[in-house]
Amino acid sequence: MAIERTFSIIKPDAVAKNHIGAIYNRFESAGLKIIASKMVHLSKEQAEGFYAEHSARPFFGALVSFMTSGPVMVQVLEGENAVLANREIMGATNPAEAARGTLRADYAASIDENAVHGSDAVESAAREIAYFFSAEEVCPRTR
Ligand code: RTP
Ligand code: MG
């Protein structure tokens with residue numbers, strides 16, 4: 001088993017509904033360690049840059065509008081197979097298709113407002129972590 005890092009966002013809908021603690025509990029209960037964390041209110045430019053891979057998609061404008069509609073929590077999660085583990089905790093992009101007990105099944109209202117983001121690969125995780133956190137802000141566990 002590889003120890004990986006992944007990048008996670010609790011999106012504006014879940015922050016607004018006071019689900020930060022419940023979602024952090026899911027990460028920690030699954031053995032993922034929160035090694036960096038902060039609240040930010042994304043600018044339009046930050047959101048467009050973060051989701052640049054989707055810039056040609058029809059939902060891009062709505063995605064940027066939603067992601068800038070309120071503060072988000074951004075965090076780095078570390079643990080065994082963290083990228084896939086977090087995707088499993090999150091569930092499918094569309095909450096209507098998300099497995100029972102996943103974050104999106106429990107906390108997301110729609111595919112547009114779907115509570116959480118998680119990196120889809122180790123490479124994108126590294127890029128996304130660096131997009132939001134300096135090296136000093138990431139605190140690996142020594143115990
Ligand atoms: P995320 O990046 O936010 O973790 O979500 P994801 O990997 O599960 O999905 P992705 O394909 O990367 O899409 C990013 C976000 O764009 C919105 N989306 N809307 N209306 C649509 O067909 C559609 N498809 C994607 C979702 O909010 C998704 O989380
Ligand atoms: Mg994605």
Side-chain angles (χ1 to χ4, degrees), residues 1-135 137-141:
M1 287 278 196
I3 299 295
E4 295 175 349
R5 292 179 181 180
T6 192
F7 177 72
S8 162
I9 302 178
I10 301 178
K11 295 184 178 183
D13 56 332
V15 172
K17 292 175 189 163
N18 254 3
H19 292 320
I20 296 169
I23 292 172
Y24 272 22
N25 187 35
R26 298 280 183 97
F27 297 150
E28 293 194 314
S29 295
L32 294 175
K33 295 175 177 173
I34 300 162
I35 62 167
S37 172
K38 60 187 171 188
M39 180 173 275
V40 290
H41 193 142
L42 298 182
S43 67
K44 185 166 179 281
E45 291 70 28
Q46 276 178 306
E48 286 174 345
F50 182 75
Y51 278 119
E53 67 184 297
H54 295 309
S55 61
R57 307 284 287 278
F59 57 80
F60 185 65
L63 177 60
V64 170
S65 176
F66 165 59
M67 290 300 292
T68 58
S69 66
V72 300
M73 288 297 300
V74 295
Q75 46 278 329
V76 179
L77 308 177
E78 186 175 74
E80 287 185 358
N81 294 321
V83 171
L84 184 60
N86 182 44
R87 298 285 293 191
E88 288 179 354
I89 292 166
M90 290 164 53
T93 308
N94 184 348
E97 297 167 4
R100 284 180 62 169
T102 62
L103 290 173
R104 282 165 165 165
D106 289 344
Y107 299 122
S110 69
I111 192 171
D112 298 308
E113 302 205 354
N114 61 1
V116 283
H117 161 81
S119 307
D120 57 16
V122 171
E123 297 72 30
S124 52
R127 172 170 44 80
E128 291 172 359
I129 290 167
Y131 193 83
F132 281 100
F133 291 104
S134 67
E137 288 178 305
V138 181
C139 302
R141 302 291 179 84

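Quick caveat, the model's predicted, so the values are computed rather than measured. Read the numbers this way: they start at 1 and go in the same order the structure lists the ligands and their atoms.
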- Measuring from each atom of ligand 1, which residues have a heavy atom under 4.0 Å away? Lys11, Tyr51, His54, Phe59, Leu63, Arg87, Met90, Thr93, Arg104, Ile111, Asp112, Asn114, His117, Gly118
- In this structure, which one of Glu128, His117, Gln75 forms a side chain to side chain donor-acceptor pair (under 3.5 Å) with Ser8? Gln75
- Task: Can you spot which of Arg141, Lys33, Arg5 makes a salt bridge (Lys or Arg N to Asp or Glu O under 4.0 Å) with Glu78?
- Result: Arg5
- Message: As a quick check of understanding, evaluate side chain to side chain contact (heavy atoms under 4.5 Å, CB included) for Ile9 and Phe50, giving each step before the final call.
- Response: CA-CA 11 Å; Ile9 302 178; Phe50 182 75; 3.8 Å; yes
- Message: Restricting to non-hydrogen atoms, name the atom on Met67 and the atom on Ala47 that form the minimum distance, rounded to 0.1 Å.
- Response: CB-CB, 4.4 Å
- Task: Considering non-hydrogen atoms only, spot the tightest contact between Arg104 and Ala92 and give its length.
- Result: CD-O, 3.1 Å
- So is Lys38 actually on top of Phe133's ring, under 6.0 Å and inside 45° of the axis? yes
